[in-house]
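Structure, as structure tokens:
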2 protein chains.
Amino acid sequence: MSTPANEPAARLKRRRRLPEEARREALASARRLLIEAGPKAVTLNAVGKQIGVTHATLIHHFGSAAGLQSALMGSMIADLTDALAETAVQLRSDAGAPRALTDSVFDAAGPGGAGRLAAWIALSGDLEHLEPIRAAVIHVVDAIQEKFSDAGEGARDRVAAAVLFMALCAFGDAIIGGPLRGMLGRDEDSAREIVAGLLPTFLA
Amino acid sequence: MSTPANEPAARLKRRRRLPEEARREALASARRLLIEAGPKAVTLNAVGKQIGVTHATLIHHFGSAAGLQSALMGSMIADLTDALAETAVQLRSDAGAPRALTDSVFDAAGPGGAGRLAAWIALSGDLEHLEPIRAAVIHVVDAIQEKFSDAGEGARDRVAAAVLFMALCAFGDAIIGGPLRGMLGRDEDSAREIVAGLLPTFLA
DNA sequence: ATCACTACCTACATGGATGTTAATAGCGAT
DNA sequence: ATCGCTATTAACATCCATGTAGGTAGTGAT
């Protein structure tokens, strides 16, 4: 009675963004959803709702749902490679302490959600999206080698081994580190300490 | 002309399984799909098609799609804990060589798809399903400690660290090891060699 | 044989995610 | 102002996964 049968659904005023801005917001929202609620929560409706836009608008900007997902992967991979590049720069300039290096790699994989994203990509089978990482990884290997390789032959091989080792631990920790550390009664940065402690083995 | 308009879709003879057998087949099929095509491929229709059954039958056996997924998780987690228990037994009986121990853990995470499954679970947020692993992990810690701890105090702590380290590498390798090793020019069991080589550090 | 049980099926209903189309409305340029 | 451009929207159309209802057909027991 007091409520009219067909309330016009309270449409708020339309806000017009620049295309780049709209894409930025959408990707940020999608990333949040991916990290907090998992891959299946990254949907056109969910993303659109978060930034106050209909799903049709997202299709307009990204072409399709797959286009949005692809852009999301690209964006996060870009952040990851940036982080790795930054690590390489720091290594070349000054502090190459094992713990600092370890933290760089773990921070690249963990907090930004890159580790979870990489796992999603790997599970989905879209391995092409991981390809941009290659250059960044090699870059880091170069930087470490430049810094640490006082020892001559076989140095690059040992550095590559060290990077593989660090990366596996960092990704593993990003994905199942929480539960696993819980089971073993170990605290938050236990894995970082372990890795940092083992690093010198490779570089001496 | 030669083809009638409505071919009755060639329904083949109905095969009746025991419930346990039907569940077994369905779970095996679901696991195959998960490993080969990723989580989103694990659908009632896909699983049913593989074992020659309609999706309604799967709902009959598992109650719901979520029920099937839950059963799948349970099944794979059970296999994983079995593998870990087996590792513990081997450790207690005879060979405790670092490489053998490492292989056990890597084999538990990799080939059976347990690593990918755990990643899926972690990404989906269904952490309860990981809980059964706890006892198995602790079991392995006990067995290793029994075998290796000639050194007294702090031994358990170092063993726990070693297990965490091994597990992170094994899971990381199961998920993104392939691409990552490719980028670094390292061969198939490179990660295993590295881990096995580092293990003595913890146990001496 | 035939009967009870239930694994299995077909047919339909529903909801959510994705896509399409045509109209609307901000915003800069003229 | 008003005009062109296009970001944005509402309304519809489709597809697919899931779920429901009632009938069908193996299988073992009597």
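The chains referred to below are lettered A, B, ... by the order of the sequence lines, with proteins before strands, and numbering in each begins at 1. For clarity, every value in this text was computed on a predicted model and none was experimentally measured.
Closest approach of A:A71 and A:R23 over heavy atoms only: CB-NH2, 4.2 Å. Nearest heavy-atom pair across A:A119 and B:L123 is CB-CD1, 4.2 Å. Taking both residues in full, the closest heavy atoms of B:M76 and B:G113 are given as CE-O, 3.5 Å, listed atom of the first, atom of the second, then distance.
A sub-4.0 Å separation between OP1 or OP2 of C:dA7 and a side-chain N or O of B:H60 is present. Distances shown here put a side-chain N or O of B:R17 below 4.0 Å from the OP1 or OP2 atom of C:dC8.
Nucleotide C:dC9 holds its P atom 11 Å from the CZ atom of B:R15, rounded to whole Å. Rounded to whole Å, the distance from CD on B:E21 to C1' on C:dT6 is 17 Å. Note: CZ (B:R16) to C1' (D:dA25) measures 8 Å, nearest angstrom. Atom P of nucleotide D:dT20 and atom CG of B:L58 are separated by 15 Å, given to the nearest angstrom. One interatomic measurement links the two molecules: NE2 of B:H61 to C1' of C:dC9, which rounds to 12 Å at whole-angstrom precision. A:R24 has its CZ atom 17 Å from the P atom of D:dA7, to the nearest Å. Atoms CD1 (B:I59) and C1' (D:dG19) sit 5 Å apart, rounded to a whole Å. The separation between A:E25 atom CD and D:dA7 atom P is 14 Å, rounded to whole Å.
A salt bridge between B:D107 and B:R192 is present, with a side-chain N of the basic residue lying under 4.0 Å from a carboxylate O of the acidic one.
Under a cut-off of 6.0 angstrom, the local environment of CD in A:E20 is crowded, with over 12 non-hydrogen atoms contributed by other residues, nucleotides or ligands.
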Which donor-acceptor pairs under 3.5 Å do side chains of residues 160-167 of chain A form with protein atoms, sequence neighbours excluded?
none

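Within residues 40-57 of chain B, the residues having any heavy atom closer than 4.0 Å to DNA chain D are, in order of number, B:T43, B:L44, B:N45, B:H55, B:A56.
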